[in-house]
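The basis for the numbers below is simple: all heavy atoms, side chains too, and nothing from hydrogens, waters or symmetry mates. Just so it is clear, the structure is predicted and the values come from calculations on it, not from any experiment.
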Amino acid sequence: MGVAGASVAAAERAALALAAIAVRATGQAADLHAQVNAAGPIGPQWLDLAPAAAALLADAQASAALVALAYLGEHAEACGAAPAPGPYLSPRAVVGHTSAGYDLAAVLGQLVGLARRRLAAGQAPDAAWRATAPRLTRIVRTEVADAHREYLSGALCLDDRIIAYQRLVMPPACGRCLILAGQRYTFSAGFKRHPGCAGCTHVPIYHVPGRGEVGGTPADHTPRGLFGQMTPAQQLAALNGDPDAVAAVRDGVDMFAVVNGQRPAKSIKIRRTEARIAKRLGFTDPADLIVHHAGRPRRSLAYLRARYGDDPRALRTALAREGWLSQALHTPATPGGIT
């Protein structure tokens, strides 16, 4: 197996481990969700349970960060590179809050507002509460995957041997992700994702003395190559159930044009500076760059990467100043023991 094949194999093993973490966390969250008796007041019941849901999600985020750490070591070995010399990104940097920095319990508590809006629209209480279950699942799956990828994004900036990464997309995938397969980004570039995005990850590229660039995805990991590997049902799902779009891609029409042509235009009035930063970091909404910790703003990993990504020394100084680093990292026996 070549280096690219070994790199992808390591990423695929990490993806399987991450999927198992997400499945376990969504199941546990669903069990808590089912404890709410819709015949009584929904709000107090769920707000009592939300901290427990946040705690299990935080445990899942910790496990996701450790999977990312293990993947980086396995990937480095596959590329013939020594383990990263440190400092290491502390797993706590991605635990206990959403990828945008909001408190997990507060975000999970928003299910109450969704249920109340449905009640106001005339839905029965049990139906209104059941309708919030998919939102809960999406939150858990999204934040577990984002914790994994945010840890990778931060860790890539701390290893001077890593010069870039490529996007690995694992079918089944949506069209938005599919057209980014194999794309190369600088080591400090943000990872574009959407809510529920779970099948995409980084494959780092090292510069190894005497060998040049090592790592990344295989040459055939392209949007059209992946599309050809998908089943007809997966192809249809990737293109929003549009058979004409599937036929167009099969006939050779550029996949970027097909996918982008399906997106409705949106007008969002935002400050130009925020828009540029958001685009660079891979966020759809610039508001996602705001990070809240204990009721006060804090510079996020995404902000620090954007601000200091071209200066590794300044980036490390900023990460240390903001408390994101751990000089010595010991793999814990349980997620609760991370340093």
Side-chain angles (χ1 to χ4, degrees), residues 14-38 40-71 89-115 128-152 154 193-199 201 288 291-295 298 300-301 324 326 329-339:
L16 289 174
L18 188 65
I21 292 169
V23 167
R24 182 169 60 250
T26 53
Q28 292 172 333
D31 288 342
L32 289 174
H33 186 275
Q35 292 181 27
V36 173
N37 180 3
I42 291 174
Q45 294 181 74
W46 179 244
L47 293 179
D48 282 345
L49 293 168
L56 69 86
L57 178 49
D59 283 344
Q61 289 177 317
S63 297
L66 295 178
V67 168
L69 178 64
Y71 161 59
L89 183 68
S90 170
R92 290 193 183 279
V94 298
V95 172
H97 50 81
T98 69
S99 58
Y102 294 100
D103 178 74
L104 290 179
V107 171
L108 293 169
Q110 293 174 3
L111 295 183
V112 174
L114 176 60
W129 183 243
R130 282 199 308 272
T132 66
R135 175 73 65 85
L136 175 61
T137 296
R138 190 176 75 171
I139 290 172
V140 173
R141 285 175 56 85
T142 296
E143 298 307 331
V144 169
D146 276 354
H148 177 84
R149 286 188 293 243
E150 189 65 6
Y151 187 89
L152 287 175
R193 85 286 185 271
H194 56 81
C197 179
T201 193
D288 289 342
V291 176
H292 303 273
H293 285 277
R298 181 179 181 182
S300 68
L301 291 173
W324 295 124
S326 174
L329 182 64
H330 302 283
T331 301
T334 62
I338 60 177
T339 60

Looking only at heavy atoms, the pair that brings Arg193 and Ser99 closest together is NH2-OG, 3.0 Å
Are Pro91 and Gln61 side-chain neighbours, meaning at least one heavy-atom pair lies under 4.5 Å? no
So, using side chain to side chain contact (heavy atoms under 4.5 Å, CB included) as the criterion, who are the partners of Asp48 when residues are at least two apart? none
Minimum heavy-atom distance Gln35-Gln45, with the two atoms named: O-OE1, 4.0 Å
Can you measure from CG (Leu32) to CG (Leu56) and round to the nearest 0.5 angstrom? 6.0 Å
Taking atom CH2 of Trp129 and atom CG of Leu114, what is their separation to the nearest 0.5 Å? 8.5 Å
Output the distance between atom CG (Leu47) and atom CD1 (Ile42), rounded to the nearest 0.5 Å. 11.0 Å
Only pairs under 3.5 Å count here: list side-chain donor-acceptor contacts from residues 17-26, not counting sequence neighbours, and write none if there are none.
unit_1 : atom_1 : unit_2 : atom_2 : d
Thr26  : OG1    : Ala22  : O      : 2.9
Thr26  : OG1    : Val23  : O      : 2.9

Taking the side chain as every heavy atom from C-beta outward, state whether Ile139 and Leu104 have any pair of such atoms under 4.5 Å apart. no
Restricting to side-chain hydrogen bond (donor to acceptor under 3.5 Å, both in side chains), what partner residues turn up for Trp46, sequence neighbours left out? none
Rounded to the nearest 0.5 angstrom, the CG-CG distance for Leu57 and Leu108 is 6.5 Å
Identify the two heavy atoms, one from Val140 and one from Ala29, that lie closest to each other, and give their separation to 0.1 Å. CG2-CB, 4.0 Å
Find the distance between CD (Glu150) and NE2 (His97) and round it off to the nearest 0.5 Å. 8.5 Å
Whether the side chain of Thr132 engages the backbone of Ala128 through a donor-acceptor N/O pair (distance < 3.5 Å, no angle test) should be reported. no
Identify which one of Val67, Leu69, Leu66 satisfies the side-chain contact (heavy atoms from CB on, under 4.5 Å) criterion when paired with Tyr151. Leu69
Applying side chain to side chain contact (heavy atoms under 4.5 Å, CB included), name anything that partners Ala105, two or more places apart in sequence or on another chain. Ala54, Asp103
Which pairs, with at least one residue in residues 135-145 and sequence neighbours excluded, count as a side-chain hydrogen bond (donor to acceptor under 3.5 Å, both in side chains)? none
